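Quick caveat, the model's predicted, so the values are computed rather than measured.
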Amino acid sequence: MTDAVVTRFAPSPTGYLHIGGARTALFNWLYARGNGGKFLLRIEDTDRARSTPEATEAILDGLRWLGLDWDGEPVSQYARADRHAEIAHQMLGNGHAYRCYASPDEIAAWREANPNRPFQSPWRDRSDHPHARYVIRLKAPRDGETVIADAVQGDVTFRNDQLDDMVLLRSDGSPTYMHAVVVDDHDMGVTHIIRGDDHLTNAARQAQIYDAMGWKRPVFAHIPLIHGTDGKKLSKRHGAVGLHEYAAMGYPARAMRNYLARLGWAHGDDELFTDEQAREWFDLDGIGRAPARLDFKKLEHVSGWHISQMDDADLLDELAAYRAANDQPALSEIQISRLRPILSLLKEKAKTLPALLEQAHFALIERPVEADEKAAKNLDPVSRGMLSELTAALQHDNWTRDELEQAAKTVAEAHGLGLGKIAAPLRTALAGKTSTPSVFDMMLALGRDEALARLEDQAG
Ligand code: GLU
């Protein structure tokens with residue numbers, strides 16, 4: 001029987017959640033969820049100077065927004081320092097580590113005398129203990145190779161004579177990052193480590209600790225980093241790099257999951273998929289070796305598709321979450337009732353949630369409708385006159401799309417004009433803007449009384 005899958009996301013809490021980190025978390029989450037496993041969270045807060053509680057909260061918020069639920073409580077790496085020390089001392093006991101008393105000056109002098117060679121401590125094979133100030137170093141193999149059988153990169157070989165005896169425990173008793181990661185991953189039962197390939201060389205060093213302790217190595221999968229649109233390493237100049245920025249732009253979380261999953265992973269030619277499909281399809285074989293590039297066009301496309309696929313209740317929830325996150329008031333009953341009849345039309349077109357709200361503007365405003373400068377130009381005296389005639393013609397209960405269109409045409413034709421000439425002022429009266437859904441759809445969504453009242457407000 002194979003072990004149950006356990007993955008983890010192990011951010012250092014020094015800032016917000018980057019989309020690279022979000023993608024790493026997503027891959028680990030998909031792999032765990034798709035294999036009936038667990039997805040754990042560890043906050044790598046050993047760097048006390050740089051780690052902040054605010055950053056931890058920002059990262060957790062980002063994961064929550066993206067819908068990546070983790071199992072159990074987040075583990076604090078710092079809180080486990082005693083355990084890290086305990087294992088380092090165990091390694092002293094079993095001969096896989098040693099006390100090194102070399103001072104920084106001695107190490108610097110050795111390096112100067114041995115350029116381009118990893119430091120070799122003179123204390124590796126000594127058993128005297130001159131004083132109490134020492135670091136604990138791994139007694140790493142000096143011959144042969146350390147091979148990482150990486151699920152993405154294939155076999156990656158490191159010559160052991162190129163790797164020094166790394167420090168496990170500093171002289172103040174605190175663990176090094178490399179040591180803490182291995183002890184934690186082992187104790188947490190992590191079976192698969194999926195992370196950025198900037199950690200690939202760390203994997204060789206970490207594997208040496210697993211081997212020294214006689215622990216089974218996890219499966220490593222090092223994924224190429226995300227690049228910007230120009231193919232260069234992602235940085236702020238490529239635009240948004242924080243997940244929260246994408247949330248603020250109004251991409252629904254499910255669209256971001258789909259989009260981020262495709263950044264570096266593929267399932268045939270499938271570009272658009274649901275969460276269920278992603279969980280079912282996700283595997284390590286589908287992760288590519290070439291860096292994925294950000295592609296905002298694609299993101300728009302993915303986002304538009306997900307919006308079009310949402311049912312009304314889902315979409316209203318997403319809109320509510322978006323407005324709340326942007327400090328906009330919740331939608332009222334009346335706004336929702338005007339929105340409902342037109343939601344299916346709006347969701348076919350909108351690429352983002354704010355773009356949809358922009359088109360829904362007419363349903364969210366109250367009388368008197370304020371026209372923007374461009375829209376106001378459509379309210380000349382002739383147009384106002386036509387609105388007046390149309391208002392008179394529509395004082396009946398037979399409000400169907402055909403009926404409305406016919407009435408508008410009749411009024412326009414009486415002035416020797418086409419439908420477009422009455423549609424423009426009608427649009428201004430109803431929405432105060434020039435880019436809106438069709439005037440008849442707006443009239444039906446608003447309902448007879450509200451629509452007629454808006455026309456009357458502008459009628460001449
Ligand atoms: N804390 C590391 C980082 O944020 C990740 C370490 C790991 O995944 O092993 O880059």
Quiz prompt | Atom pair CZ/CZ of R427 and F362 - distance to nearest 0.5 Å | solution = 11.0 Å
Quiz prompt | All pairs passing salt bridge (charged side-chain N to carboxylate O under 4.0 Å, His left out) where residues 438-449 contributes a residue, at least two apart | solution = D397-R448, R401-D441
Exercise. Can you sort out the partners of W305 under ring pair (Phe, Tyr, Trp, His ring centres under 6.0 Å), two or more places apart, ordered by chain and number?
Key: none
Practice problem: Would you check if the side chain of S303 reaches a backbone N or O of K351 as a donor-acceptor pair within less than 3.5 Å? | Solution: yes
Practice problem: Could you list the residues that satisfy salt bridge (Lys or Arg N to Asp or Glu O under 4.0 Å) with K433, not counting sequence neighbours? | Solution: E358
Practice problem: Mind checking ring pair (Phe, Tyr, Trp, His ring centres under 6.0 Å) for H18 and listing every partner two or more places apart, or none if nothing turns up? | Solution: Y16
Quiz item: Quick one: ring pair (Phe, Tyr, Trp, His ring centres under 6.0 Å) partners of Y78, sequence neighbours excluded?
Solution: none
Quiz item: For K236, does the NZ atom have more than 12 heavy-atom neighbours from other residues, nucleotides or ligands under 6.0 Å away?
Solution: yes
Self-check item: H199 versus Q206, side-chain donor and acceptor atoms under 3.5 Å
Solution: no
Quiz item: Taking the inter-plane angle between the rings of H186 and W215 on a 0 to 90° scale, is it parallel (under 30°), tilted (30 to 60°) or perpendicular (over 60°)?
Solution: parallel
Quiz item: Is there a donor-acceptor contact under 3.5 Å from the side chain of Y246 to the main chain of Y251?
Solution: no
Self-check item: Those residues that, when tested against E403, pass salt bridge (Lys or Arg N to Asp or Glu O under 4.0 Å) (two or more places apart)
Solution: none
